[in-house]
J.: 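Below: one structure in structure tokens.
Note that the coordinates shown come from a computational prediction; the quantities given were computed from them, not determined experimentally. In listed order, ligands and their atoms are each counted from 1.
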Amino acid sequence: MNYKIALIRGDGIGPEVVDEAVGVLNTVAEKFGHQVEYVDVLLGGCATDAVGKSYPDGTAERCKTCDAVLLGAVGGPKWGADKPAEQRPETALLALRKDLGLYANLRPASLRPAMTDACPLKKETADKGIDLMMVRELTGGIYFGKRNKYQTEDRGMEATDLMAYSEQEIERIGRRAFELARLRRGKVSSVDKANVLETSRLWRNVMHRLAAEYPDVQYEDVLVDNCAMQLVRDPGQFDVVVTENMFGDILSDEASMVTGSIGLLPSASIGDGAPGLYEPIHGSAPDIAGQDKANPIATILSVAMMFRYSFQRAAEADAIERAVDAVLAEGWRTPDIAKPGEKAVGTREMGRLIREKV
Ligand code: ATP
Ligand code: MG
């Protein structure tokens, strides 16, 4: 196959981790006989420095000529909240997600087999294994509803945030979750608060309609408060967890913490008919930038997700994930995941070890 991939190296440790991920991508492509072409896309603080704005004209169009986008990280104190919006890196990332129509955020929380002792949960829970995928709706719900703040006659100020969802918005994210479950262990847990919220009752109705269309996928409803509890009690019970924007924001952070290693977690944002955006969940880590200390594994595993979910190439994804697990099983660690006193390797050496295993 021929793949064309947009590279947004970004700021801080972004360029370093993207370099190692590209190295692994090239090795996998060679092994499986694919041709890969890269398009460099300037976005983030580095774009502000180069051309005066963090989201240069034509960025989305450049990305749309590609099959997928790989992003390192953007941001840093140099382009902080005191700068105008068009110079801030975070603004650029939100604009890109919107212009590409990315409405589903996929965040796996998987405990790598060699890293079970990093898991903060009970040993029996960690030994059972954790491999779940949070699917968060990204473009609707209370974060995008009408806001209001006004003076009342007798109760001081009052504020409101409107939570709204349409059947169409729920159906497209739901369908994604069922399709993903078919590529995984075949189970969908839909999280809502249907005992209280009207949006959740609509959510649940649509999910039940979809569940009937996917009889091969096991389906359950979970209330959000119960889900928060189950994630620390027994996260091994979950495969695909699908939920609306705000619940997903909160639960995906909770789920990533139960693996104990933020530097190992990839993510993806996907839409219909536009390239998916793949990136590590961590930020630009300006404190360690340029020192060959950053852990490249989250970005390398983002490439595995790209093969699995954008290109439907499970064998390539498995090859990358197996290589990462083999290197970790041999005891190789970057400083962020090394135990005190344990010897660590740098960003480039970690990348080389993983390429060698692939
Ligand atoms: P953002 O606002 O972009 O999410 P942040 O400050 O919240 O940024 P990170 O940039 O992810 O978070 O950094 C948090 C801490 O984790 C920092 O101390 C950083 O050095 C460390 N860190 C983040 N990513 C990595 C990585 N890939 N390898 C090693 N350490 C990392
Ligand atoms: Mg952060």
J.: In the single-linkage hydrophobic clustering (I, L, V, M, F, W, Y; side-chain heavy atoms under 4.5 Å), do V196 and L202 co-cluster?
T.: no
J.: Out of all atoms in ligand 1, which are within 4.0 Å of some heavy atom of H282? Include the element for each.
T.: 11 (O), 23 (C), 24 (N), 27 (N)
J.: With a 4.0 Å cut-off, would you call R355 and E30 a salt bridge?
T.: no
J.: Can you check which of D287, D11, T334 brings a heavy atom nearest to atom 18 (O) of ligand 1?
T.: D287
J.: Using the six-membered ring of F247, assess whether NZ or CZ of R136 lies under 6.0 Å from its centre and within 45 degrees of the ring axis.
T.: no
J.: If you measure every N/O of N295 against every N/O of ligand 1, is any gap under 3.5 Å?
T.: yes
J.: Touching ligand 1 at all, G75? Heavy atoms, strictly under 4.0 Å?
T.: no
J.: Are any of the N/O atoms on A294, whether in the backbone or the side chain, positioned under 3.5 angstrom from an N/O atom of ligand 1?
T.: no
J.: What are the atoms of ligand 1, with element, lying closer than 4.0 Å to any heavy atom of D336?
T.: 28 (N), 29 (C), 30 (N)
J.: So, applying side chain to side chain contact (heavy atoms under 4.5 Å, CB included) with W203, which one of I173, L197, V191 is it?
T.: I173
J.: Based purely on interatomic distance, does P286 place a nitrogen or oxygen under 3.5 Å from a nitrogen or oxygen of ligand 1?
T.: no
J.: Using the ring centroid of each side chain, check whether H34 and F311 are separated by less than 6.0 Å.
T.: no
J.: For S284, which part has a heavy atom under 4.0 Å from ligand 1: side chain, backbone, both, or neither?
T.: backbone
J.: Is I13 touching ligand 1 with its side chain, its backbone, both, or neither, if touching means heavy atoms under 4.0 Å apart?
T.: side chain
J.: Please enumerate all residues that pass salt bridge (charged side-chain N to carboxylate O under 4.0 Å, His left out) together with R184, with sequence neighbours excluded.
T.: D131, D239
J.: Report yes or no: do Q87 and S54 form a side-chain donor-acceptor pair below 3.5 Å?
T.: no
